[in-house]
Peer 1: 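Okay, here's the structure, questions in a sec.
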Amino acid sequence: MESKVRVRFAPSPTGYLHIGGARTALFNWLYARRHGGVFVLRIEDTDRERSTDEAIDAIINGMTWLGLTWDEGPFLQTDRLDRYSEEAQRLLAEGKAYKCYCTSEELEEMRKAALDRKEAPKYDRRCLARSESEQAACEARGLRPVIRFRCPDEGTTIIGDQVKGEVVFENQNLDDFIMVRADGIPTYNFAVVVDDYDMNITHVIRGDDHLSNTPRQVVLGQALGYRIPEFAHLPMILGSDKTRLSKRHGATAVEAYRDEGYLPQALINYLALLGWGYEDQTVFAPEELIAKFGLEAVGKSPAIFDPAKLEWMNGVYIRELTLPELAGHQKSFMQAAGLPIEMYEDAWYLRLAEITQERLIKLADIVGLSDFFFSRVPFDPVAVEKVLRKEGTKDVLEKAIEVLSDSFTFEAHEIETRLRALAETTGIKAKFVFQPLRVAVSGRTISPPLFETMELLGRDTTIERLGEAINLLEPQDE
RNA sequence: GCCCCCAUCGUCUAGGGGCCUAGGACACCGCCCUUUCAAGGCGGCGGCGGGGAUUCGAAUUCCCCUGGGGGCACCA
């Protein structure tokens, strides 16, 4: 009987949840859900300089928005300090770790000297054999020791990685890394090992930037007598210039995507495709992702983040929304942009959602597509020049006013019938009657479908705008 | 400098010795639909980094090179 799957996402709270972190969280979550396992959230906040509560909130908010629900945690490493020092003391007592009184300056010098000699910087173990009296002398000088792990200097450490396969490291290339800082706070490589053990983590799924750290963690875990978890190192996500994805590649914070109007399911779907694939399929509902996800299908090579494909994916999911869902989202974005949304009824928004649904890439796009419904926007100069100032436009506008003033239900289909009839009787090509009307009514050459737009605007406003367009043309025409 | 990882269209990828004349998706370019913009349909452009080796046969296996990425902190 294989033990229950337990995975974790362990971000350090030094900033917002970024795309890379979200992808790691997603793969862990998928793996847990796929195997009926447990997903643990652990906050690695041992870097007290850079960790903030705001970042913790941002991570939690981001994951919640994405729907990556965790089953245990969030656990904070700073709440577990006693446990780490307990294990550190044990290693010290067993002679598997030792105190080091070297100062940062000394270490820096050593590093530089090694580099000058073209050697790998590696701690020279000058503190390994310090006698009790030497140590006492250091203490007396006010020096606070760090604790170093006594790394094995022979043999190899083999990582059986679920993604990368078997990776072999020579132990002699490892050095006696610091487990506990002078202030008593554990370093990452030590805290993870203790945590993953205490939290019974069975599979460590993380970015492959951690692959090089893995042998240190394994060797340390072995010294502590721990069962070593399975590892799966995911390929990195890179920017368009093939370097690690960062702010200079554009938005990397999950929250930024939310604010621009990306749907969480779209981001999830897109992220899942970064490093993982399933046959020829591109669009996956969450349940499908869970059912089909597997570490064996995770690729080994890094993936470049492509905003264009994400945009397309978002459009796909926007089109899958029900009208009430879309309308709800649109209202929030319109409100956030300062549009007076109380101006219209719910039914109106449903209709707006209907005619704009397939025109949106991001939810925020609704603002630029609907602002003119709330008040006149300035005429686009190019539109005025190319469409309105055309021979006969004024005539068309005047006739349209007449037609639209007739008594009939002011509904898209009716409007269309009458306006088409107008084009028919005047012998003007449909295009040349509709485009001027569009510009008159919306101020632009690009708008939602014309007749629906008029319907949503209402008869009075529509006629009023046509009149305003005529006025604009007056001086030139007379 | 040392250690590790990676390498199929511009991008994400399928492919795991003959089914490959290398498939799909995004992007791009045409055409169709059409009152604009979209959406949709159809079509096109475009790739196995290089060199050896194994084999009757290599995108698929092995080696070297090159290129890219990551690590070598009292960061995680």
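Residue numbers start from 1 in every chain, and the chains themselves are labelled A, B, ... in the order their sequence lines are given, proteins ahead of strands. What you see is a predicted model; the values in this text were computed from it and never measured.
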Peer 1: How would you summarise protein contacts on nucleotides 62-68 of chain B per nucleotide, using B for base, S for sugar-phosphate only and - for none, with heavy-atom distances below 4.0 Å?
Peer 2: -------

Peer 1: Could you tell me whether Tyr16(A) atom OH has more than 12 heavy atoms of other residues or ligands within 6.0 Å of it?
Peer 2: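 Not more than 12 within 6.0 Å, no.
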
Peer 1: On a whole-Å scale, what distance lies between the C1' atoms belonging to rU55(B) and rG47(B)?
Peer 2: 25 Å

Peer 1: For residues Gln281(A) and Glu288(A), is any side-chain donor paired with an opposing acceptor at under 3.5 Å?
Peer 2: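 Glu288(A) and Gln281(A) do have a side-chain donor-acceptor pair below 3.5 Å.
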
Peer 1: In the structure shown, which nucleotide is the Watson-Crick or G-U wobble counterpart of rU21(B), with both distances under 3.5 Å?
Peer 2: none

Peer 1: Where the side chain of Ile178(A) is defined as all heavy atoms beyond and including C-beta, which of rC74(B), rC4(B), rA76(B) is the nearest nucleotide?
Peer 2: rC74(B)

Peer 1: Between C1' on rC12(B) and CH2 on Trp276(A), what's the gap in Å once rounded to a whole number?
Peer 2: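 For the pair Trp276(A) CH2 and rC12(B) C1', the rounded distance is 13 Å.
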
Peer 1: Over 60° means perpendicular and under 30° means parallel, so tell me whether His210(A) and Tyr188(A) are parallel, tilted or perpendicular.
Peer 2: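 Tilted, since the angle between the ring planes falls between 30° and 60°.
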
Peer 1: Roughly how many Å is it from CD1 in Ile304(A) to C1' in rC26(B), rounded to a whole number?
Peer 2: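 Atom-to-atom, Ile304(A) to rC26(B), this comes out as 14 Å.
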
Peer 1: With rounding to the nearest 0.5 Å, note down the distance linking OG1 in Thr282(A) to CZ in Phe284(A).
Peer 2: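 That separation rounds to 7.0 Å.
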
Peer 1: Does Ser212(A) make a side-chain donor-acceptor contact with the base of rG70(B), cut-off 3.5 Å?
Peer 2: yes

Peer 1: Would the Tyr317(A) and Tyr262(A) ring centres measure less than 6.0 Å apart?
Peer 2: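 For Tyr317(A) and Tyr262(A), the ring centres are not under 6.0 Å apart.
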
Peer 1: Taking rG67(B) as the reference, what is the distance to rG30(B) when you measure between their C1' atoms (whole Å, please)?
Peer 2: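 After rounding to an integer number of Å, I get 35 Å for this pair.
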
Peer 1: So for atom CD, which belongs to Glu398(A), do other residues, nucleotides or ligands contribute more than 12 heavy atoms lying within a distance under 6.0 Å?
Peer 2: yes

Peer 1: Students often get this wrong, so: under 4.0 angstrom with heavy atoms, is Asn173(A) touching a base, only sugar-phosphate, or nothing?
Peer 2: sugar-phosphate

Peer 1: Expressed in whole Å, how much space separates the C1' atoms belonging to rU11(B) and rA27(B)?
Peer 2: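 Taking atom C1' in both rU11(B) and rA27(B), they lie 8 Å apart.
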
Peer 1: Taking the side chain as every heavy atom from C-beta outward, state whether Ile59(A) and Ile56(A) have any atom pair closer than 4.5 Å.
Peer 2: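 Of all side-chain heavy-atom pairs linking Ile56(A) with Ile59(A), none is under 4.5 Å.
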
Peer 1: Closest-nucleotide mapping onto RNA chain B: is Tyr101(A) or Ser301(A) further toward the 5' terminus? I mean the 5' end.
Peer 2: Ser301(A)

Peer 1: With a 4.0 Å cut-off on heavy atoms, is Gly275(A) in touch with a base, just the backbone sugar-phosphate, or nothing at all?
Peer 2: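 Since only primed, P, OP1 and OP2 atoms lie under 4.0 Å of Gly275(A), the category is sugar-phosphate.
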
Peer 1: State the pairing partner of rG16(B); accept Watson-Crick or G-U wobble contacts with both distances under 3.5 Å, and report none otherwise.
Peer 2: none

Peer 1: When you match Val180(A) and Pro121(A) each to their closest nucleotide on RNA chain B, which lands nearer the 5' end?
Peer 2: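 Looking at RNA chain B, the more 5' nearest nucleotide goes with Pro121(A).
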
Peer 1: Using a heavy-atom cut-off of 4.0 Å across all strands, would you classify Thr214(A) as base, sugar-phosphate, or nothing?
Peer 2: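 No contact at all - Thr214(A) keeps every heavy atom at 4.0 Å or more from the nucleic acid.
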
Peer 1: Separation of Met313(A) atom CE from rU11(B) atom P, in whole Å?
Peer 2: 18 Å

Peer 1: Rounding to a whole Å, what distance do you find between Glu311(A):CD and rC12(B):C1'?
Peer 2: 15 Å

Peer 1: To the nearest Å, give me how far apart CD (Gln172(A)) and P (rC72(B)) are.
Peer 2: 19 Å

Peer 1: Considering non-hydrogen atoms only, spot the tightest contact between Tyr101(A) and Cys138(A) and give its length.
Peer 2: CD2-CB, 3.3 Å

Peer 1: When we call it a touch if two heavy atoms are under 4.0 Å apart, what does Val167(A) touch: a base, just sugar-phosphate, or nothing?
Peer 2: sugar-phosphate

Peer 1: Could you tell me how far apart Ile237(A) (CD1) and rU13(B) (C1') are, to the nearest whole angstrom?
Peer 2: 15 Å

Peer 1: Quickly work out the Leu310(A) CG to rC26(B) C1' distance and round it to whole Å.
Peer 2: 11 Å

Peer 1: Taking atom P in both rU60(B) and rG41(B), what distance in whole Å separates the two?
Peer 2: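 Nearest-Å result for rU60(B) against rG41(B) at atom P: 35 Å.
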
Peer 1: When you compare the side chain of Arg42(A) with that of Arg80(A), does any pair of heavy atoms fall below 4.5 Å?
Peer 2: no

Peer 1: For a quick check, with a 4.0 angstrom heavy-atom cut-off, what is the B/S/- contact string for nucleotides 31-46 of chain B, read 5' to 3'?
Peer 2: ----BBBBSS------

Peer 1: Describe the nucleic acid contact of His210(A) in one word from base, sugar-phosphate, nothing, applying a heavy-atom distance below 4.0 Å.
Peer 2: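 Here His210(A) touches the bases of the nucleic acid.
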
Peer 1: Tell me the interatomic distance from Lys164(A), atom NZ, to rC5(B), atom P, rounded to whole angstroms.
Peer 2: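 Answer to the nearest Å: 9 Å.
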
Peer 1: When you measure from the side-chain N and O atoms of Arg244(A) to the phosphate of rG71(B), is any distance below 4.0 Å, counting only OP1 and OP2?
Peer 2: yes

Peer 1: Tell whether Asp280(A) reaches the base of rA25(B) with its side chain through a donor-acceptor pair below 3.5 angstrom.
Peer 2: no

Peer 1: Using a cut-off of strictly less than 4.0 Å, decide whether Arg50(A) has a side-chain nitrogen or oxygen near OP1 or OP2 of rA76(B).
Peer 2: no

Peer 1: Given the C1' atoms of rU66(B) and rG52(B), what is the spacing between them in whole Å?
Peer 2: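 Comparing C1' positions in rU66(B) and rG52(B) gives a spacing of 14 Å.
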
Peer 1: Just call it for Val283(A): base, sugar-phosphate, or nothing, with non-hydrogen atoms closer than 4.0 Å on any strand.
Peer 2: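 It contacts nothing in the nucleic acid.
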
Peer 1: For nucleotides rA59(B) and rC9(B), find the distance between their P atoms and express it as a whole number of Å.
Peer 2: 15 Å

Peer 1: How about Asn28(A) and His203(A): does a side-chain donor come under 3.5 Å of a side-chain acceptor?
Peer 2: no

Peer 1: Check for me whether the distance between the ring centres of Phe434(A) and Phe451(A) falls short of 6.0 Å.
Peer 2: yes

Peer 1: Which one is paired to rG10(B), where only Watson-Crick or G-U wobble pairs with both distances under 3.5 angstrom count?
Peer 2: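 Partner of rG10(B): rC26(B).
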
Peer 1: Could you measure between the two C1' atoms, the one in rG49(B) and the one in rG69(B), and give it in whole Å?
Peer 2: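 So the two C1' atoms sit 16 Å from each other.
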
Peer 1: Which pair of heavy atoms, one from Trp276(A) and one from Phe27(A), lies closest together, and at what distance?
Peer 2: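 Scanning both residues completely, I find the closest heavy atoms to be CB-CZ, 3.8 Å.
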
Peer 1: Please name the nucleotide paired to rC62(B) by Watson-Crick or G-U wobble geometry with both distances under 3.5 Å, or report none.
Peer 2: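 Matched rC62(B) with rG52(B) under the 3.5 Å cut-off.
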
Peer 1: Are any of Lys300(A)'s side-chain N or O atoms less than 4.0 Å away from OP1 or OP2 of rC5(B)?
Peer 2: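 No, no such contact exists.
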
Peer 1: Say you pick atom P in rC65(B) and the same atom in rA25(B); how far apart are they, in whole Å?
Peer 2: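 Straight-line distance between the two P atoms is 39 Å.
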
